[in-house]
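These notes concern the structure reproduced below.
Since this is a predicted model, take the numbers as computed values, not measurements.
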Amino acid sequence: MELDLGPMTVGPNSGAALERLGALRRAGVLCDVELVVAGRWTVAAHALVIAAAAAPLRELVLAAPPSGVQGLRRVPLEGVTSAEAAEALVEFIYGGGTAAAASSYQPATDSINRDVLLLAQRFQLKGLEVQARWHLASGVTECNALGRLAICEEFEIADVREMLLSRLIANPPWLFRLATDRGIETLPLVMRDLLLRILVMVGGRQQGTACDGDARDHPKKAGE
């Protein structure tokens, strides 16, 4: 079924309506679809709200046959391992992509954020993807830098990847920790780029020193 509803917009009254729908969802009232994660966890919602959010979601909901007296549809979210990611997806949809919805996005782990990125890209929810990308670039530490680089590689997030690499080069203790982490072996492109940056940095210093040395070793001739 092809039905182009256009992008989901937020009118003057739609925010309140979505807020009331969200309250009904959290109370389990009139929910007729379950998003299934890893075959075990489910997040309940209203099929019309989920289907109206984006065309890929609409196709997924319509492809799930209703069952039982209440016509419940069970929609599996392939490749996702955290129920928190499915909850974040639903909260974003019911929040209408508003600033309040964006500010409430605080995934507990980078693994959850990775799943949210997967869902955002799969279902073409740009607002949710922006939230996940922003989280990926914030609160970076020497302990989570490698994992976040891996996420950047998986989802081809070039700008955050560049920021992380620059941060590593500027922090030798972080760079040493990364070099001694066996996980770096799974990211050959990151290893190559880090090595090239280090070589450029060291080579530039050596070149500057050599030039300085040449100036000292070869005094100017008379008249120069």
Side-chain angles (χ1 to χ4, degrees), residues 8 10 15 18-19 21-23 25-28 31 33-46 49-50 53-54 56-57 60-61 74-168 171 174 177-178 181 183-184 186-187 190:
M8 185 170 67
V10 180
L18 281 171
E19 185 177 346
L21 281 169
R25 182 192 78 83
R26 287 185 287 272
C31 293
V33 66
E34 288 182 341
L35 304 182
V36 184
V37 177
R40 294 183 291 171
W41 300 292
T42 60
V43 177
H46 302 100
V49 176
I50 301 301
L57 276 168
L60 203 60
V61 170
R74 292 176 59 85
V75 177
L77 297 179
E78 301 295 340
V80 176
T81 60
S82 62
E84 292 87 348
E87 184 69 27
L89 167 71
V90 172
E91 283 294 323
F92 173 82
I93 292 172
Y94 277 80
T98 61
S103 64
S104 65
Y105 180 70
Q106 296 291 335
T109 66
D110 285 342
S111 177
I112 294 172
N113 193 53
R114 178 262 174 201
D115 282 354
V116 171
L117 269 169
L118 175 67
L119 294 173
Q121 289 191 358
R122 178 184 297 168
F123 299 133
Q124 302 171 13
L125 297 171
K126 293 299 183 183
L128 184 60
E129 183 177 355
V130 167
Q131 293 179 21
R133 287 165 64 104
W134 182 88
H135 180 79
L136 195 64
S138 63
V140 180
T141 69
E142 61 180 302
C143 297
N144 62 27
L146 180 60
R148 295 190 179 192
L149 277 169
I151 294 174
C152 289
E153 290 291 293
E154 180 181 1
F155 296 100
E156 301 181 351
I157 306 176
D159 54 347
V160 178
R161 181 183 188 274
E162 176 66 25
M163 182 274 292
L164 291 171
L165 289 174
S166 298
R167 183 80 63 87
L168 285 167
N171 290 271
W174 291 22
R177 180 186 178 94
L178 187 71
D181 192 323
I184 191 65
T186 65
L187 301 173
V190 170

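- Separation of atoms CD (Glu154) and CG (Leu187) is listed at 10.5 Å; rounding is to 0.5 Å.
- Of all heavy-atom pairs spanning Leu164 and Cys152, the tightest one is CD1-SG, 4.0 Å.
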Run the side-chain contact (heavy atoms from CB on, under 4.5 Å) check on Arg25 and Val49 step by step: do they pass? CA-CA 10 Å; Arg25 182 192 78 83; Val49 176; over 6 Å; no
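- Asp115 places no side-chain N or O within 3.5 Å of a backbone atom of Ala86 that could act as its donor or acceptor partner.
- Ionic pairing of Arg114 and Glu153 is not present here: no N-O contact between side-chain nitrogen and carboxylate oxygen is shorter than 4.0 angstrom.
- No donor-acceptor distance shorter than 3.5 angstrom exists from the side chain of Arg161 to the backbone of Leu149, with no hydrogens or angles considered.
- Leu178 contributes atom CG, which lies 11.5 Å from atom SG of Cys143 (distance to the nearest 0.5 angstrom).
- Judged purely by atom type and a 3.5 angstrom limit, Arg122 has no side-chain atom pairing as donor or acceptor with the backbone of Pro56.
- Of all heavy-atom pairs spanning Leu125 and Ala54, the tightest one is CD2-CB, 4.0 Å.
- In this structure, Gly139 and Asn144 approach most closely via the heavy-atom pair O-ND2, 3.1 Å.
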Test Leu146 against Arg177 for side-chain contact (heavy atoms from CB on, under 4.5 Å), laying out the working first. CA-CA 10 Å; Leu146 180 60; Arg177 180 186 178 94; over 6 Å; no
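- With rounding to the nearest 0.5 angstrom, the NZ atom of Lys126 is 7.0 Å from the CD atom of Gln121.
- A 4.5 Å side-chain heavy-atom check between Val75 and Leu57 finds every atom pair outside the cut-off.
- The pair Glu87-Arg26 fails the salt-bridge criterion, with no side-chain N (NZ, NE, NH1 or NH2) lying under 4.0 Å from an Asp/Glu carboxylate O.
- With values rounded to the nearest 0.5 angstrom, Trp174 atom CH2 is found 6.0 Å from Thr141 atom OG1.
- Contact check for Phe123 versus Ile93: no side-chain heavy atoms found under the 4.5 Å cut-off.
- Side-chain contact check for His135 versus Asp110: some heavy-atom pair is nearer than 4.5 Å.
- Between the side chain of Arg148 and the main chain of Leu136, a donor-acceptor pair closer than 3.5 Å is present.
- Taken to the nearest 0.5 Å, the CZ atom of Arg40 stands 9.5 Å off from the OG1 atom of Thr81.
- The closest side-chain heavy-atom distance from Val116 to Leu128 is below 4.5 Å.
- Classification of the His46-Tyr94 ring pair by plane angle, with boundaries at 30° and 60°, yields tilted.
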Apply side-chain contact (heavy atoms from CB on, under 4.5 Å) to residues Leu117 and Ile157 and explain how you reach the verdict. CA-CA 10 Å; Leu117 269 169; Ile157 306 176; 3.9 Å; yes
Apply side-chain contact (heavy atoms from CB on, under 4.5 Å) to the pair Phe92 and Leu119, showing each step before the final yes or no. CA-CA 11 Å; Phe92 173 82; Leu119 294 173; over 6 Å; no
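- Here the closest heavy-atom approach between residue Leu60 and residue Pro76 is recorded as CD2-O, 4.1 Å.
- Considering CG of Leu168 and CE of Met163, their distance stands at 9.5 Å, rounded to 0.5 Å.
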